[in-house]
Each structure stands twice: as structure tokens, then as C-alpha cells.
Undergrad: 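Could you have a look at this structure, given as C-alpha cells, before my questions?
Order of the sequence lines fixes the chain letters, A, B, ..., with proteins taken first and strands second; residue numbering starts at 1 for each chain.
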Number of protein chains: 2
Amino acid sequence: MKKQEEKCDMLRLDKQLCFPLYACAKEVVRRYKPFLDELDLTYTQYITMMVMWEKKEINVKCLGKILYLDSGTLTPVLKKLEWKGYLTRERSKEDERNLRVMITDKGIKLKGLAEEVPMKVGKCVKLEAEEAEQLYELLYKVLGCMDA
Amino acid sequence: MKKQEEKCDMLRLDKQLCFPLYACAKEVVRRYKPFLDELDLTYTQYITMMVMWEKKEINVKCLGKILYLDSGTLTPVLKKLEWKGYLTRERSKEDERNLRVMITDKGIKLKGLAEEVPMKVGKCVKLEAEEAEQLYELLYKVLGCMDA
DNA sequence: TCCTTACGTATTGTGTACAATTTAATTTAC
DNA sequence: GTAAATTAAATTGTACACAATACGTAAGGA
């Protein structure tokens, strides 16, 4: 019965990596809400804009690969951001299957308003710089070492 | 303009902890799906049952504190698990505001079918035991050091 | 060319998440 | 002892997240 008991113990929240990962991600994202509310952005819209600020133009497939999101999630988010005037969407002339997502001037201006967000959230999470760096490395390691 | 540029750089996915955390959590949870499908459980139902296997009985408030979920999320999940026969829900006699959630025999039996899940998922995530331990510690540290 | 296959996006359906509000029960204040 | 405040769940509304499917376009092969 020893082996049985060991297996049982595995089925506890505090024995599995998945749970602190899941809980921690939700709690950290929640810390963004008050600051993103000021910009009238959701977290998903925010990370989408972060990619747009860097890339200026991209298609949905590419964006999804960067954000780990599929078109089912991105399509409504992109339509909303287009409606808000931060980006435009149009089919590529060369290949009509591709949707070109392009940032607008208003979208570029939004970046100025968002600049303080990372710092503000950082203050809510009291982690030493070294620990943050360690965590960062480990998370990217996990992202890289999972089966496809 | 140096300062301006430094601020700009912060607004990149690869400069912020939040994004790998968010992406990693989603990807790890996704790894559970094929194994949980065999049990006809969603991830949220699974972690709820993990608490129930340990506690046998609990109220919604308490469960929510453990899982970092509120009644708006838990109520439908608990109703579904009750419908599946894994637990029962009834108001407490001492304080009618409290809902007593109790595991059933069928719920207890389900644990036997779930025992292999953590090990199966563990094989998909190729992380050294030491690194997993480090990550675990850091995540709980973050959970503990955030402003309420 | 026509047919098949692959590809990129959109749509649909289910299940979370969570803020805000509501409802009912209990506690506290006076 | 009752009104006011507090509490626990449930409900409502918005926004993901993602599998599965549908749809249109493009590419490759006979």
C-alpha cells in the first residue's frame, strides 16, 4: 500500500507545478487591471498592442504564434482594437488568405500612455531583481521544453 | 531621449515577467487536456476535485480561497460536478448562507482514475527536478509577495 | 486544366474568469 | 429588539481561450 499512498499524494495542489503557475499567472494579470482600465484596455488587448508597437505590421498567424493565441481568440480582439482606432485590418494583395494587421497613428500614440504600466505593476510584485530574472529564465525554459 | 527609449523598451513582451507567466500557465494547462478528456474533466473541474479529494467537505468561500477563484466561477463548476455525481451541495444547517460541498463515493472513486495524470503531464515537461523545485518556490514567493 | 491538398482566417459552441449586482441570512450597533 | 452593516452564494454581463468546423484562397500534381 506504500506505492498507492505515494500516488495519492501526487494528487494535491501543493505537489504539482501546474497550480502555482496557473494561480500566479491569474493574480499577476489581475494586478494590471486597474492600470489598464485607465487606458480602457483589457490584458489581451494590451499584449496585442505590445506586439503591434514593436512590429507595426503583422498577420494573424504570426501574431498568434508570438502570443500563444489562435484566431478564435484573436479575431474578436483585433476587431475591437480596430473599432477603437488603434489598428487596421485588410487582406493582403499578394495572398488573400493573409490578413494584414497594421498599427495606426492613434495606436502609436497609445504607447506613450502605457509607458508607466510595467513599472506600476512591478511595484505591486515585491520580488528581488535576481529572483525575477531566475523566474523569467525558468518560465522560458518550460515554454521551450514542452512537447508540441 | 535616452530615458524615453528605455521606457519604450519596457513595453516589450520579452521584458516583462507577466507574459511568460501567462503563456506558460496556458501551455501547461493545455498539456492536461488529453489526459483529462479521458476522465471527462476540464482543468478547473480537476483542480476542484483535487481539493475535494483532500478535504471531503468544504464551503464555497473556503474552496475559492484555495483555488483563487470566486463564486461566479465556482458555482457553475460545482453544479456541473454535482450533475456528474462527484459531489453534493447543500446549505449548512448552522448558517444558511454557507453552502456545504461534499464529495460522494463516486467522487472518491474518480481519484483512482486520476492518479496517473500528474506523472503523464510531468513527462511532457522536460524540466530537471531541481529546476522544477526552484520554479515552484519562486511562484509561491510571488503569490505571497503581491499586494492584496 | 482540373483536382486534391494545404493554408489562413472566421465562426460556433463550451467553459471559464471576474467585476458588479442581487438576494438571503447573520451579526453588530444602538 | 430592531435597523444597519456584513457576509456567502448566486446571477448577470463582458471578455477571453480554445477545439472543431467552415470557408475561401493558393499551390502542387496528374
Side-chain angles (χ1 to χ4, degrees), chain A residues 18-19 22-37 39-49 58-84 89-101, chain B residues 18-19 22-37 39-49 58-84 87-101:
Chain A
C18 73
F19 181 71
Y22 159 86
C24 202
K26 281 194 311 172
E27 290 303 304
V28 170
V29 167
R30 199 214 302 274
R31 294 304 180 287
Y32 280 81
K33 192 172 188 319
F35 309 120
L36 294 182
D37 277 351
L39 308 179
D40 188 32
L41 285 180
T42 64
Y43 181 74
T44 314
Q45 289 166 13
Y46 170 67
I47 58 176
T48 301
M49 288 308 298
I58 196 170
N59 65 38
V60 176
K61 181 80 174 180
C62 224
L63 185 58
K65 194 159 284 180
I66 294 173
L67 294 177
Y68 291 83
L69 292 172
D70 70 4
S71 71
T73 302
L74 283 176
T75 296
V77 169
L78 294 173
K79 282 181 177 175
K80 193 67 178 275
L81 288 172
E82 180 182 40
W83 179 83
K84 288 182 180 177
R89 305 182 322 128
E90 68 178 50
R91 292 283 169 181
S92 164
K93 288 286 186 299
E94 299 89 58
D95 185 340
E96 293 260 354
R97 289 173 303 184
N98 283 275
L99 189 79
R100 295 172 62 204
V101 181
Chain B
C18 74
F19 181 71
Y22 158 86
C24 201
K26 281 194 312 169
E27 289 302 304
V28 170
V29 167
R30 199 214 300 275
R31 294 304 180 287
Y32 280 81
K33 191 171 189 317
F35 309 121
L36 294 181
D37 276 351
L39 308 178
D40 190 32
L41 286 179
T42 64
Y43 181 73
T44 315
Q45 289 166 11
Y46 171 67
I47 59 175
T48 302
M49 288 308 299
I58 197 169
N59 66 37
V60 175
K61 181 81 174 179
C62 223
L63 185 58
K65 193 158 285 180
I66 295 172
L67 294 177
Y68 292 83
L69 292 172
D70 70 3
S71 70
T73 303
L74 283 175
T75 296
V77 170
L78 294 172
K79 282 182 177 174
K80 192 65 178 274
L81 288 172
E82 181 182 39
W83 179 82
K84 287 181 181 178
L87 41 84
T88 58
R89 305 181 322 129
E90 69 178 48
R91 292 281 169 183
S92 163
K93 287 285 188 296
E94 300 88 57
D95 186 340
E96 293 261 354
R97 289 173 304 183
N98 285 276
L99 188 80
R100 296 171 62 205
V101 181

Undergrad: Atom NZ of B:K26 and atom C1' of C:dT16: how far apart are they, to the nearest Å?
TA: 14 Å
Undergrad: If you walk 5' to 3' along DNA chain D, what is the first nucleotide with an atom under 4.0 Å of a heavy atom in chain A, and what is the last?
TA: D:dA15 to D:dA26
Undergrad: Strictly under 4.0 angstrom, non-hydrogen atoms only: write out the protein contact profile of nucleotides 24-29 of chain C, one letter per nucleotide from the 5' end, B, S or -.
TA: -BS---
Undergrad: Could you list the residues that satisfy side chain to side chain donor-acceptor pair (under 3.5 Å) with A:S92, not counting sequence neighbours?
TA: A:E94
Undergrad: Applying side-chain contact (heavy atoms from CB on, under 4.5 Å), name anything that partners B:Q45, two or more places apart in sequence or on another chain.
TA: B:L41, B:T42, B:V77, B:K80, B:L81, B:K84
Undergrad: Could you check how far CG of A:L63 sits from P of C:dG8, rounded to whole Å?
TA: 14 Å
Undergrad: For A:K79, which residues count as a salt bridge (Lys or Arg N to Asp or Glu O under 4.0 Å) partner, sequence neighbours excluded?
TA: none
Undergrad: Hey, is B:E82 close enough to B:R89 for a salt bridge, meaning N to O under 4.0 Å?
TA: yes
Undergrad: What's the CG-C1' distance between B:L81 and C:dG15, to the nearest Å?
TA: 12 Å
Undergrad: Can you list everything that forms a ring pair (Phe, Tyr, Trp, His ring centres under 6.0 Å) with B:Y32? Sequence neighbours excluded, please.
TA: B:Y43, B:Y46
Undergrad: Please identify each residue that fulfils side chain to side chain donor-acceptor pair (under 3.5 Å) with A:D40, with sequence neighbours left out.
TA: none
Undergrad: For A:L99 and C:dC7, what is the distance between atoms CG and P respectively, to the nearest whole Å?
TA: 19 Å
Undergrad: Would you say that A:Y22 contacts B:V28 through its side chain, given a criterion of any heavy-atom pair below 4.5 Å between the two side chains?
TA: no
Undergrad: Both A:E27 and A:R100 contact DNA chain C. Taking the nearest nucleotide for each, which residue is further toward the 5' end?
TA: A:R100
Undergrad: Can you sort out the partners of B:R97 under salt bridge (Lys or Arg N to Asp or Glu O under 4.0 Å), two or more places apart, ordered by chain and number?
TA: B:D95
Undergrad: Whole angstrom is fine here: how far is it from CG in B:D37 over to C1' in C:dT14?
TA: 13 Å
Undergrad: Just to verify, what does A:R30 make a side-chain contact (heavy atoms from CB on, under 4.5 Å) with, not counting sequence neighbours?
TA: A:E27
Undergrad: A:L36 has an atom CG; how far is it from atom C1' of C:dA19, in whole Å?
TA: 15 Å
Undergrad: Over how many whole Å does the gap from B:R30 atom CZ to C:dG15 atom P extend?
TA: 18 Å
Undergrad: Counting only side-chain N and O atoms of B:T42, is one of them less than 4.0 Å from OP1 or OP2 of C:dT14?
TA: no
Undergrad: Between C:dT16 atom P and B:K79 atom NZ, what is the distance in whole Å?
TA: 14 Å
Undergrad: Could you list by number each residue of residues 65-78 of chain B showing a heavy-atom separation from DNA chain D of less than 4.0 Å, or answer none if no residue does?
TA: B:S71, B:G72, B:T75
Undergrad: Show me, pair by pair, the donor-acceptor contacts under 3.5 angstrom made by side chains of residues 60-72 of chain B, not counting sequence neighbours?
TA:
{"unit_1": "B:D70", "atom_1": "OD1", "unit_2": "B:G72", "atom_2": "N", "d": "3.1"}
{"unit_1": "B:D70", "atom_1": "OD1", "unit_2": "B:T73", "atom_2": "N", "d": "3.1"}
{"unit_1": "B:D70", "atom_1": "OD1", "unit_2": "B:T73", "atom_2": "OG1", "d": "3.4"}

Undergrad: Any Lys/Arg nitrogen of B:R100 or B:E90 sitting under 4.0 Å from an Asp/Glu carboxylate oxygen of the other?
TA: yes
